[in-house]
Chemist: 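Below: one structure in structure tokens.
In what follows, chains carry the letters A, B, and so on, assigned in the order in which the sequence lines appear, proteins first and then strands, with residues in each chain numbered from 1.
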Protein chains: 2
Amino acid sequence: MSKKKTNVTVHDLARELNLNASSVSRALNDHPRISVETKQRVLKLAKKYNYKLNKAAYTLRTGKGKTIGVIVPRINRFFFSNAIHGIEEIAASQDYNVIICQTLDSTTKEMKSIKALLGDKVDGIVASITPDVEAKNPYAKCCANYKEVVKSQTPLVFFNMVCEDFKVSKVVVDDELGGFMGTEHLIQEGAKRIALLSGQTHLNIYYRRLEGYKRALTRHGYPIDESLILDGDLTEHAGYECTRKLMAMQNPPDAIFAVTDYLAIGGIRFLKRNGYEVPGDVLVCGFMNEPFNDLLQPSLSSIEQHSHQMGQTAAEMLLDEVMRPKKNATAQTVVLTPELMTRHSSSLEKSVLTPG
Amino acid sequence: MSKKKTNVTVHDLARELNLNASSVSRALNDHPRISVETKQRVLKLAKKYNYKLNKAAYTLRTGKGKTIGVIVPRINRFFFSNAIHGIEEIAASQDYNVIICQTLDSTTKEMKSIKALLGDKVDGIVASITPDVEAKNPYAKCCANYKEVVKSQTPLVFFNMVCEDFKVSKVVVDDELGGFMGTEHLIQEGAKRIALLSGQTHLNIYYRRLEGYKRALTRHGYPIDESLILDGDLTEHAGYECTRKLMAMQNPPDAIFAVTDYLAIGGIRFLKRNGYEVPGDVLVCGFMNEPFNDLLQPSLSSIEQHSHQMGQTAAEMLLDEVMRPKKNATAQTVVLTPELMTRHSSSLEKSVLTPG
DNA sequence: AGTATGAAAGCAATCGATTGCTTTACTAAA
DNA sequence: TTTAGTAAAGCAATCGATTGCTTTCATACT
């Protein structure tokens with residue numbers, strides 16, 4: 001900001017060391033053509049004067065911005081703000097800046113964000129795709145969006161909600177396992193008939209949670225009753241309505257596993273309002289582990305997705321790709337292990353010890 | 001990113017228009033020394049080729065980074081992620097980038113963030129200070145932190161939690177009014193003895209909420225009973241404990257106003273666990289309007305602080321300062337009006353219509 | 001001795017926009 | 001007709017780091 005020649009440049013260092021700026025630059029970048037001795041002299045002086053790379057000059061010359069872009073639906077959703085936190089940490093540690101874009105759940109805005117980031121010539125992009133809920137195949141369109149990124153050769157890493165067809169690195173939580181864990185937990189707590197409040201099962205993450213649910217049932221010798229599997233919106237309201245339907249069955253469930261905490265909360269609301277005890281009559285477990293689950297009554301059991309770590313990992317992978325020479329087709333997928341967070345809503349025992 | 005000469009430069013435009021790059025640059029910047037006619041020709045071609053300023057070159061030449069820094073305690077708190085959303089919007093609209101720093105509630109990290117941003121030569125900083133809760137006067141130390149910013153001449157705008165001693169622009173919500181509104185609301189709902197669960201009252205925002213509380217009581221002819229005013233941590237636990245104390249009084253309150261939703265939630269938990277009805281026996285109102293207040297049982301009334309708008313306004317003021325020539329001492333303070341969000345916890349009527 | 005070999009470092013151009021200082025080309029005043 | 005005056009635009013340097021191409025030595029080899 002200030003006009004003062006406050007910052008040391010390679011030229012300053014070069015002058016003092018009786019070297020040329022180019023040599024200083026090479027020394028700082030550990031270029032093999034500079035002698036070890038010179039490198040040490042340069043490094044020492046650089047430290048002494050607290051030399052800092054001028055990012056603008058670097059970018060102008062190299063075209064690399066030392067900046068990564070992040071695209072998420074909304075930054076004020078806990079999951080994403082937490083992931084961004086992780087991304088920021090890693091980026092900052094490598095002296096990279098982060099530009100955050102929100103799609104506000106619109107694929108049109110998603111496209112705009114992508115164009116903006118590519119226009120800014122970011123060095124890479126970390127993204128959780130915005131599914132087009134209107135489309136039959138929600139992935140089709142957004143995949144199309146990200147084709148631009150691939151075309152531009154910009155390194156790309158997906159996290160959370162990913163595009164399967166792209167040969168890029170991905171970080172996801174093991175949704176199948178999450179579905180399994182939650183279901184098995186309910187079984188272990190004594191549930192006999194477990195309903196699943198699902199999201200749209202053509203969305204990969206919800207489909208996989210459904211699979212995990214089925215695997216747990218099968219593993220424990222429970223039948224899979226399709227009438228206990230409902231899908232739709234992810235809202236609290238949807239949870240309320242689905243639960244109403246479920247409890248109206250002749251043979252209603254004694255446990256509800258929801259793929260989202262909001263769904264679970266809606267379910268609990270219906271149950272409480274209609275005289276059912278949670279967990280006394282019906283056990284409930286959600287998914288996402290929203291920070292307020294602890295505050296609910298009863299507190300809501302859930303599956304933690306480690307969003308913070310997800311962000312960190314995604315950023316690490318991206319920066320690795322950005323800085324490493326492009327060894328082709330290194331796309332790898334990191335799968336994080338979800339964690340069951342047991343609270344009152346799914347545990348009679350807990351509930352007795354420390355009531356709601 | 002890509003090496004292709006994908007971006008149009010002033011030189012490209014100049015060549016095509018038979019002009020000099022400097023003239024093109026001046027035309028684009030609406031410099032008075034360029035004829036209107038030429039400006040129009042340039043602008044037209046720029047539009048045609050979708051000319052975009054090369055930020056790196058601009059920054060290198062001018063020292064201005066077209067970047068603003070944001071410092072907040074944590075970006076995954078809804079209030080802040082929401083404010084950041086607002087800041088991003090405004091910044092993006094002016095082609096500014098945003099660098100986000102978190103202090104994680106540590107004044108030491110706050111200092112680091114400040115140094116990092118100043119090192120990055122950001123054009124300005126938007127900050128919500130991180131009070132040092134250990135210190136007797138929590139403002140003293142953080143104010144010290146921000147002195148660096150002022151020294152460096154970097155434009156600075158505070159929001160939410162501000163440093164009173166600085167002659168810089170500020171955006172805050174009218175906490176006094178918020179305190180007043182919440183209290184008056186409880187009075188109107190029939191409360192006779194209203195307790196206040198406060199934060200540390202040497203923190204300005206809590207002090208002002210306290211003042212508003214007192215003003216409302218006085219205005220309505222209620223006595224101010226100091227024994228009904230408790231302060232301390234802002235945790236749910238603190239809310240629980242304080243409420244326990246309150247209800248143990250011979251003359252317990254029939255309403256609780258908490259300066260934070262977490263405090264209120266703790267209070268409600270105590271009440272429910274001990275056989276009190278909310279709102280039947282005790283009315284409760286919080287402050288912050290956390291997004292999950294709607295999900296609680298009963299849903300929690302609260303004071304909305306318009307964090308999104310706060311971010312927008314702060315960013316607008318900052319960019320104004322950044323772009324305007326430094327007319328000295330223009331520091332202004334914008335005070336936003338809080339909003340009462342009535343829900344079940346404070347309203348018998350609501351509660352009856354649509355039970356908890 | 002004479003040249004090949006190569007390590008170490010210097011030179012100068014480059015990236016794109018900006019800006020102080022000219023130059024150009026008229027018009028108005030003397 | 002000459003000169004001052006001015007509007008319009010060009011020239012060239014600059015910001016700091018990078019990098020292809022040389023240059024400079026010095027050691028090795030025939």
Side-chain angles (χ1 to χ4, degrees), chain A residues 1-43 45-46 49-67 95 119-121 123 323 325, chain B residues 1-43 45-46 49-66 95 119-121 123 323:
Chain A
M1 245 274 53
S2 38
K3 289 283 171 189
K4 313 165 213 166
K5 208 185 195 107
T6 179
N7 286 63
V8 193
T9 74
V10 280
H11 299 281
D12 299 328
L13 297 180
R15 198 176 315 121
E16 183 145 346
L17 291 168
N18 238 324
L19 277 173
N20 187 282
S22 60
S23 300
V24 172
S25 171
R26 289 193 170 100
L28 290 170
N29 288 300
D30 202 25
H31 188 109
R33 305 197 52 146
I34 300 294
S35 69
V36 178
E37 185 200 15
T38 302
K39 279 178 189 166
Q40 288 177 336
R41 290 202 305 144
V42 171
L43 252 18
L45 199 70
Y49 286 151
N50 191 27
Y51 167 82
K52 275 202 70 184
L53 174 74
N54 180 313
K55 215 171 255 185
Y58 173 86
T59 301
L60 179 56
R61 184 62 233 265
T62 65
K64 310 218 155 248
K66 285 242 174 191
T67 299
D95 203 27
D120 277 357
K121 294 201 244 149
D123 299 308
M323 298 189 295
Chain B
M1 244 275 50
S2 39
K3 290 284 172 190
K4 312 165 211 164
K5 207 183 195 111
T6 178
N7 287 61
V8 194
T9 73
V10 280
H11 300 281
D12 300 330
L13 298 180
R15 198 178 315 122
E16 182 144 348
L17 290 168
N18 238 324
L19 277 174
N20 186 281
S22 60
S23 299
V24 172
S25 171
R26 288 194 171 100
L28 290 169
N29 288 300
D30 202 26
H31 188 109
R33 306 197 51 146
I34 300 294
S35 69
V36 178
E37 184 200 15
T38 303
K39 278 179 190 168
Q40 287 177 336
R41 289 201 306 145
V42 171
L43 253 18
L45 200 69
Y49 285 150
N50 190 29
Y51 167 82
K52 274 202 69 184
L53 173 73
N54 180 312
K55 218 172 254 188
Y58 173 86
T59 301
L60 179 57
R61 184 62 233 263
T62 64
K64 310 217 155 252
K66 284 240 175 195
D95 202 26
D120 278 357
K121 293 200 247 153
D123 298 310
M323 299 188 297

Chemist: On DNA chain D, nearest-nucleotide positions of N18(B) versus A57(B): which is more 5'?
Modeler: N18(B)

Chemist: Using the closest heavy atom to pick a nucleotide of DNA chain D for each, name whichever of L60(B) or L19(B) lands nearer the 5' end.
Modeler: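 Of the two residues, L19(B) wins.
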
Chemist: Is D12(B) reaching over with its side chain to a backbone N or O of T9(B), donor-acceptor style, under 3.5 angstrom?
Modeler: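 The answer is yes, because a donor-acceptor pair under 3.5 Å joins these two groups.
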
Chemist: Nearest-Å distance, NZ (K55(A)) to P (dG16(C))?
Modeler: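 In whole Å, dG16(C) P and K55(A) NZ are 20 Å from each other.
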
Chemist: Return the polar atom pairs (N/O with N/O) between nucleotides 12-14 of chain D and the protein under 3.5 Å, or none.
Modeler:
residue	atom	partner	partner atom	Å
dT14(D)	O2	R61(B)	NE	3.2
dT14(D)	O2	R61(B)	NH1	3.2

Chemist: Kindly give the heavy-atom pair with the smallest separation between T59(A) and G65(A), and that separation in Å.
Modeler: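 It is OG1-CA, 3.5 Å.
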
Chemist: Can you check whether N50(B) reaches V8(B) side chain to side chain, under 4.5 Å on heavy atoms?
Modeler: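 No. Closest side-chain heavy atoms not under 4.5 Å.
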
Chemist: Does K64(B) count as lying over the ring of Y58(B), i.e. NZ or CZ under 6.0 Å from the six-ring centre, within 45 degrees of the axis?
Modeler: no

Chemist: Looking only at side-chain N and O atoms, does S25(B) offer a donor or acceptor that is under 3.5 Å from a partner on S22(B)?
Modeler: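 Short answer, no.
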
Chemist: For DNA chain D, which residues in residues 24-43 of chain B have a heavy atom at a distance below 4.0 Å?
Modeler: R26(B), R33(B), I34(B), S35(B), T38(B)

Chemist: What is the distance from CZ of R15(A) to C1' of dG16(D), rounded to the nearest Å?
Modeler: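 Computing the R15(A):CZ to dG16(D):C1' distance gives 12 Å.
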
Chemist: For Y51(B), run the side chain to side chain contact (heavy atoms under 4.5 Å, CB included) check against V24(B), V10(B), L45(B) and tell me which one passes.
Modeler: V10(B)

Chemist: Side chain of H11(A), heavy atoms from C-beta onward: which of dA17(C), dA9(C), dG16(D) has the nearest atom to it?
Modeler: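 Of all the options, the side chain of H11(A) is nearest to dG16(D).
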
Chemist: Side-chain N or O of Y58(B) less than 4.0 angstrom from OP1 or OP2 on dC15(C)?
Modeler: no

Chemist: For K39(A), what residues pass the salt bridge (Lys or Arg N to Asp or Glu O under 4.0 Å) criterion, not counting sequence neighbours?
Modeler: D30(A)

Chemist: Quickly work out the N7(B) CG to dA17(C) C1' distance and round it to whole Å.
Modeler: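 Between C1' of dA17(C) and CG of N7(B): 14 Å.
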
Chemist: Any sub-3.5 Å donor-acceptor pair from K55(B)'s side-chain atoms to D95(B)'s backbone N or O?
Modeler: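 At least one qualifying donor-acceptor pair exists.
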
